[in-house]
Every structure is written in structure tokens, then in C-alpha cells.
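Working notes for the structure below.
Because the structure is a prediction, the values reported are computed rather than measured. Here is how names work: the chains are called A, B, and so on, in the same order as the sequence lines, proteins then strands, and each is numbered from 1.
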Number of protein chains: 2
Amino acid sequence: MARKKPEVNSCDCQGARKSRRRDAVLDAVASSDGHLSAEEVHREAKKRLPGIGIATVYRSLKCLCGCGKVSEFIPPDGVARYEAAGSRGHHDHLVCTACGCFVEAVDPEIERLQERLAARHGFRLEGHRLEIYGLCACCARKK
Amino acid sequence: MARKKPEVNSCDCQGARKSRRRDAVLDAVASSDGHLSAEEVHREAKKRLPGIGIATVYRSLKCLCGCGKVSEFIPPDGVARYEAAGSRGHHDHLVCTACGCFVEAVDPEIERLQERLAARHGFRLEGHRLEIYGLCACCARKK
DNA sequence: AAGATAATGATAACCGTTATCATATGGCGA
DNA sequence: TCGCCATATGATAACGGTTATCATTATCTT
Ligand SMILES: [Mn+2]
Ligand SMILES: [Mn+2]
Ligand SMILES: [Zn+2]
Ligand SMILES: [Zn+2]
């Protein structure tokens, strides 16, 4: 007889309970191309649970970031953006100053040199943020 | 007979007039160690011109950033910070996650590899932002 | 099922920054 | 030097993304 799958909680945080809304928020982020603002996540989540409130979206995003399912990054305009962090590992962003698109990229050498730079200044490295601004291939062509 | 020095305007923007307050704002930023918030700049500027308002500080900072005398950078907490940009050239920041201090650093190799990374993705590079997070030497010792 | 506690939605509060507007000031031509 | 007009200024309201509050609901444990 088929037995119910063990309930997996979308949040691994201590004391966290399972919640349909948090699942919806994670699904909204995970099934998109990423780089959504909280408001955009809300719009997507409402397609799954029409009544979900914006406060819950913020709370869920914070929780999901805390347990590593989602990662946040804050562009210069100060509006946080979210993307699924499960399988996709760390990456940096090339940000187009014309159309605002994001291109993801990693350069292992840059990553390594950052460690060296931190060490050189006695820093115990915990993380970093690298954003490269410019015109994406598409926008550069139009100019 | 000593004649007055030609008035130099602290702002090179088109149509800008000389203003004592903008001078005071520039002086406040230039004579500090940098990385001041707008509110901190206001506090310093008031030592020079007690009546100066916060709106004027914001306006002056924007103007001074526009003509390259001051540079702005926005840490993850979203509160803009300012530093003199005249002689000091580009640099990146090592940010201590414990005490919040900033250490300035440049790695020419990282700078060069960023150009390569941009080119590799067809980006016409305009600028970048690199922040490295971790414990500064001082804070790492205390842990 | 009942009790304990986490989750939720509506909305007020927060806070750095920007916009507004009446007034003051700087710089130019006469 | 004087007058004109665009720019600069200060007080303060408005803005917008995010967080806090609180009464209610959902989930988990026993
Ligand atoms: Mn990304
Ligand atoms: Mn600096
Ligand atoms: Zn583009
Ligand atoms: Zn430190």
C-alpha cells in the first residue's frame, strides 16, 4: 500500500514547520530564471496561492536564504533580488547598464586571486560580491 | 598688488555656481578617512557651516559624484557611503563582518581578469564592484 | 483532540533618500 | 554698482522597499 512520502520541509531552519506558502515561494523562485525582486516573487507565488501576502513572501525568502535554498543579491539600486541556490553554485553577475539584464559568470582564477588578496591583508575570507557593469552583447550591438 | 585667486568651483557640472556649502561638503569628505554616510558627512559639514541642511548635503554629494570629486559606494546594508575620489584612484573594499571596518585594496591581476571575463561574455565593460567579506586581522585575532 | 508554538495577512512603522516649494544667493550684463 | 534670473538652499512632505506588530490561523506534539 502506497504510503505518503515523508514530508520534506522547504526550510531546514531549527523549529521550522512545513508551510504551503513557503513551498509556493520556493517554487516561484526555483521555476523562474532568477533575479526576481520580492514583488515579482509575490506575483509568481500568487499564481500558486492567490491569497498569499507580501509579508509572508519576505519572511519566506529570508528563511529560504537562511537555509541556503535561495540566494539574495542586492544591485546598486538597493532592491534585493532572489534566485534559487540549490544546484546552481556560486556565481558573479555581469549587469547590463542599458537593459538591466543579468548574465551569470564565474572565473576560477578571479575566485582564487580574491583569496590571495584577502590573505595579503590579513582577512579571514567569508564571501564576496563581484558585479561587472557594462553593455551586454545585445545592447552593445545597438549602439 | 595681490589679486584674488581665480575662484575654483568645487563642482564642474555645467551651469553650476560656486557655493560655500558644496565646498564644505567636499572638504568634509576630503579631510576624513572616507566611507562616511550622508549623515556623517552632514555632521562634519556642520562643523564648518553650522546651518547646512541635510538636503543640501545630499544634493552636493550627488553633484560632487557627478564631476568625479567624490565616489559613492553602497554596502549590502544599502546605506550609501562616500569618499574623496580626487587623487585616490579606483580600489576595492575588504569589509569586516564583525566590526564593519573597510580596508582598501587593488589587485591588478583581478582587474585584468575582469576585463577578460567581460570580453568572454561579449560585454563592453564600464565598471565593476568588488567587495570581499570576512574578518579583519584585528577581529580574527579576537575570535 | 488539546495545547503549544510557528506561520500568516493586514497594515503601521521605519528609514535613507528624493521631491517640493518658498526664499536666498551667486554671477552676469548693463 | 545695480538688477535680473537661474541656481542653491532649508524645512519638510513624500516615497518605496523592508520590517515590526498583532490578532488570527495552521501545524506539530502528546
Ligand atoms: Mn544569478
Ligand atoms: Mn574606499
Ligand atoms: Zn543589455
Ligand atoms: Zn573587523
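- Between the B/R129 side chain and the B/I74 main chain, a donor and an acceptor come within less than 3.5 Å of each other.
- Rounded to whole angstrom, the span from the CG atom of B/D23 across to the P atom of C/dT25 amounts to 16 Å.
- Taking only side-chain nitrogens and oxygens, A/K62 comes nearer than 4.0 Å to OP1 or OP2 of D/dT19.
- Distances shown here put every side-chain N or O of A/K18 at or beyond 4.0 Å from the OP1 or OP2 atom of C/dA7.
- Rounded to whole angstrom, the span from the NE2 atom of A/H42 across to the C1' atom of D/dG16 amounts to 16 Å.
- For a distance-only test at 3.5 Å, the side chain of B/R20 fails to qualify as a donor-acceptor partner of the base of C/dG26.
- When the C1' atom of C/dT17 is taken as reference, atom CG of B/D77 falls 14 Å away, rounded to whole Å.
- Spacing between atom CZ of A/R48 and atom P of C/dT8 amounts to 16 Å, rounded to whole angstrom units.
- OP1 or OP2 of D/dA8 has not a single side-chain nitrogen or oxygen of B/S19 nearer than 4.0 Å.
- Among D/dC5, D/dT19, C/dA6, the nucleotide with an atom closest to any side-chain atom of A/R17 is C/dA6.
- We find that CD of B/E72 is positioned 12 Å from C1' of C/dG16, with the value rounded to whole Å.
- Using the six-membered ring where Trp is involved, A/H93 and A/F102 have ring planes that are perpendicular, over 60° apart on the 30 and 60° scheme.
- Atom CG of B/L135 and atom CG of B/L94 lie 12.0 Å apart (nearest 0.5 Å).
- Nearer to the 5' terminus of DNA chain D, by closest-nucleotide assignment, is the contact made by B/V57 (compared with the other of B/V57 and A/A55).
- If you measure from atom CG of A/L49 to atom P of D/dT25, you get 18 Å, rounded to the nearest angstrom.
- Of the side-chain N and O atoms in B/T56, none sit less than 4.0 angstrom from OP1 or OP2 of D/dA8.
- Of the possible donor and acceptor atoms, none in the side chain of A/S60 sits under 3.5 Å from a partner among the backbone N and O of A/V57.
- With DNA chain C read from its 5' end, the first of the two nearest nucleotides for B/I54 and A/R59 is the one closest to A/R59.
- Of the two residues contacting DNA chain D, namely A/A80 and B/G53, the nearest-nucleotide position lying further toward the 5' end is that of B/G53.
- Each of B/R21 and B/G78 was matched to the nucleotide of DNA chain C holding its nearest heavy atom; the match closer to the 5' end belongs to B/G78.
- The distance from atom CD1 of A/I52 to atom C1' of C/dT11 is 17 Å, rounded to the nearest whole Å.
- The separation between B/R22 atom CZ and C/dT25 atom P is 16 Å, rounded to whole Å.
- There is a side-chain donor-acceptor pair under 3.5 Å between A/R48 and A/S31.
- Remark: B/Y58 is not in phosphate contact with C/dT18, judged by side-chain N or O atoms under 4.0 Å from OP1 or OP2.
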